[in-house]
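Letters A, B, ... mirror the listed sequences (proteins, then strands); counts begin at 1.
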Number of protein chains: 2
Amino acid sequence: MNMPNRTCIMRLSRYRNAIIRLKALNFVRVFSDNLADAASVTAAQVRKDFSIFGITGHRRGGYQTDDLLGQLNKILGKDRTQDIILVGIGNIGKALLHYPGFEKSGIRIVAGFDIDPTKYVADANIPILPLEKMHDYIQTNNIKLGIIAVPDYAAQQVLEMMKSAGIKGVLNFAPICLRESADCVINNVNLVTELENIIYFAKAGDNTRGK
Amino acid sequence: MNMPNRTCIMRLSRYRNAIIRLKALNFVRVFSDNLADAASVTAAQVRKDFSIFGITGHRRGGYQTDDLLGQLNKILGKDRTQDIILVGIGNIGKALLHYPGFEKSGIRIVAGFDIDPTKYVADANIPILPLEKMHDYIQTNNIKLGIIAVPDYAAQQVLEMMKSAGIKGVLNFAPICLRESADCVINNVNLVTELENIIYFAKAGDNTRGK
DNA sequence: ATTTATATGTGAAATTATTCACAATATATC
DNA sequence: GATATATTGTGAATAATTTCACATATAAAT
C-alpha cells in the first residue's frame with residue numbers, strides 16, 4: 001500500500017466536496033468520472049487515490065455515494081469535531097474566527113490568542129486570550145492543531161510556543177515559510193505568493209503550466 | 001529551456017521573500033544554500049529553478065543580492081503595480097480588502113463588487129460597487145486579475161462574468177474547484193481543504209508526506 | 001602569481017506522480 | 001438466463017520532478 005502525499009489528501013477533500021454536492025442532487029451512486037470532472041483531475045487519478053485507502057466500488061456500478069462519503073469523512077477526520085486554536089487576531093485572523101466554512105465542516109476554533117490587550121475578549125463565544133495563556137490552554141484542553149495569522153517576524157516564535165505545548169499541525173498564514181519538523185506538520189499559505197502565481201501565468205498568456 | 005510550473009513559481013516567490021529579509025540583514029551576496037534553507041528546499045532545486053530563467057550567479061561567489069532580487073521582481077511582475085478586483089465583500093473578502101501584505105507587495109485591489117446593496121460604498125478609497133457594474137469596470141480599466149470570495153453556489157457564475165469581461169487570472173477562495181481554461185488561469189485556495197490536510201497528517205503522527 | 005577551497009551550473013540518475021490500457025466483473029437489457 | 005455494455009482496479013508505461021555528483025570557474029589565501 002502506497003503512502004498518500006499532500007496533494008493526494010487535497011484531492012480527497014475535493015472529492016468529498018463534490019460528493020456532498022452530488023448527494024444534494026440525489027445521486028445514489030457516483031462514478032470516478034463524475035468526481036474527476038468535479039475535481040479537475042482524471043478518472044484514473046480518482047481510482048488510484050481511492051486504491052491507496054482501500055476504497056472500493058462496484059465494477060460497472062460506481063461507488064455508493066453515502067458509503068463513499070462515510071469513508072472519506074473518516075479519512076479526513078470528519079467523524080468528529082476538530083478543535084483548533086488561532087493566534088493573531090488581526091486582519092486575517094478576525095476573518096478566520098468567523099469563517100462559516102469551518103463550522104460547516106466540523107472545524108471549531110475554540111480560542112484566539114494575541115499579544116495586544118485591546119484584542120482580549122475573555123467572555124466571548126470564542127474567547128480571545130493573552131498569548132501567555134496559550135501554553136496552558138493547549139495542554140489543559142489537549143489541543144493538537146493551530147492557525148498562525150501573526151506578522152512575519154512573530155511567526156517562528158509562535159510556532160515554537162505551539163510546538164512546545166504539544167501542537168502537532170499548523171496552518172500558517174504569515175508570509176514566511178515555516179519549516180515542518182518530525183513532530184509537527186506545517187501548511188504554509190501565503191496570499192501574496194498565490195497571487196504572484198496567477199500574475200505570472202496570466203501574463204504568460206497561455207497557461208500551459210503543470211500541476 | 002524548460003517551462004516553469006506552478007510549484008516552481010511558488011518557490012521563486014519564496015526565494016524572493018527570503019532575499020528581502022537577507023537584504024535587510026545587509027547581505028550583499030547570497031548562496032543557493034541560504035535560499036534553500038529559507039524556502040525549505042534543496043540547494044540543487046534553487047539552482048535548477050534559476051537555470052530555467054537564465055538566472056546566473058558566480059562560481060564560488062554566489063548571487064548578488066540586489067541583482068537577484070531585481071531579476072525575481074521582473075519575473076514575478078513586481079516591476080509595476082498589479083491592479084486587481086475583488087468580488088464578494090463577506091467575511092474573507094473584507095479581510096483581503098485591507099490585507100496590508102498586498103499593498104506591501106505591489107498588489108492593489110482597485111475595486112470590490114457584491115450583489116448586496118448594503119455593501120456598496122461608492123466613494124471609499126476602494127469603492128464597493130454593484131456586481132452589474134463589474135463588466136464595464138474591468139473593460140474600462142483594463143483589469144486582468146480577479147479574486148473570488150463569494151459563496152460556493154455563486155462562484156462559477158462570477159467566474160464566467162469575469163472571463164467574458166477579459167479577466168485572465170483568478171484567485172478563488174470559494175470552496176469549489178473552479179476549472180481553468182486556456183484563456184484564464186485559476187488558483188483555488190480552499191481554507192477547509194488546507195486544514196483537512198494538516199488534520200490528516202497531524203493525526204498520522206509521523207509526517208512523512210511528499211511534496 | 002600560484003594554490004586552495006568553495007559554489008555554481010547541469011547532464012545523468014533516481015525518484016515520484018500520473019496516465020494508459022485492459023482483464024475482471026457487475027449491472028442492465030433482452 | 002444469456003448477452004451486451006460499462007466501470008472498476010491495477011500493473012505497466014510514461015511523464016514529471018527532484019536529487020546527485022562533478023567538471024568548471026572564481027574568490028580568497030598565501
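- For the OP1/OP2 pair of C:dA17 and a distance below 4.0 Å, the side-chain nitrogens and oxygens of A:Asn5 include at least one atom meeting the criterion.
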Quick one: what's the B/S/- string for nucleotides 21-30 of chain C, heavy-atom cutoff under 4.0 Å, read 5' to 3'? B-BBBBBS--

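- A salt bridge does not link A:Asp83 with A:Lys144: none of the charged nitrogens is closer than 4.0 Å to a carboxylate oxygen.
- Between D:dT8 and A:Ser32, a contact under 4.0 Å exists linking OP1 or OP2 to a side-chain N or O.
- Judged purely by distance below 3.5 Å, without hydrogens or angles, the side chains of A:Arg108 and A:Thr81 never pair a donor atom with an acceptor atom.
- Across all strands shown, A:Tyr63 has heavy atoms under 4.0 Å from sugar-phosphate atoms exclusively, and none from any base.
- Under a cut-off of 6.0 angstrom, the local environment of NZ in A:Lys133 is sparse, with at most 12 non-hydrogen atoms contributed by other residues, nucleotides or ligands.
- One atom, CD1 of B:Ile55, and another, P of C:dT8, lie 13 Å apart when rounded to the nearest Å.
- Rounded to whole angstrom, the span from the CD atom of A:Gln64 across to the C1' atom of D:dT7 amounts to 14 Å.
- Atom CD1 of B:Ile52 is separated from atom C1' of D:dT18 by 11 Å (rounded to the nearest Å).
- A donor-acceptor pair shorter than 3.5 Å can be found between the side chains of B:Ser40 and A:Arg179.
- To the nearest angstrom, P of D:dC20 lies 13 Å from CG of B:Asp33.
- Summarising the geometry, the separation between CG on B:Asn2 and P on C:dT10 is reported as 12 Å, rounded to the nearest angstrom.
- Non-hydrogen atoms lying under 4.0 Å from DNA chain D are contributed by nothing in residues 11-22 of chain A.
- Environment of CD1 in B:Ile20: crowded, with over 12 heavy atoms of neighbouring residues, nucleotides or ligands closer than 6.0 Å.
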Would you sort out whether A:Asn73 and A:Asp79 count as a side chain to side chain donor-acceptor pair (under 3.5 Å), showing the intermediate values? CA-CA 6 Å; A:Asn73 280 345; A:Asp79 47 349; over 6 Å; no

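- One interatomic measurement links the two molecules: CD of A:Gln45 to C1' of D:dG11, which rounds to 16 Å at whole-angstrom precision.
- By the 6.0 Å contact criterion, NZ on B:Lys23 is open, its count of non-hydrogen atoms from other residues, nucleotides or ligands being 12 or less.
- Residues B:Ala43 and B:Lys48 both approach DNA chain C. Their nearest nucleotides, taken by heavy-atom distance, put B:Ala43 toward the 5′ side.
- Judged by distance alone, the side chains of B:Ser32 and B:Arg47 do bring a donor and an acceptor atom under 3.5 Å apart.
- When the P atom of D:dT10 is taken as reference, atom CG of A:Asp49 falls 13 Å away, rounded to whole Å.
- Enclosure of atom CD in B:Gln139 by more than 12 non-hydrogen atoms of other residues, nucleotides or ligands within 6.0 angstrom is indicated.
- A close approach under 4.0 Å does not occur between any side-chain nitrogen or oxygen of B:Thr42 and OP1 or OP2 of D:dT18.
- In this structure, B:Phe31 atom CZ and D:dA25 atom P are separated by 19 Å, rounded to whole Å.
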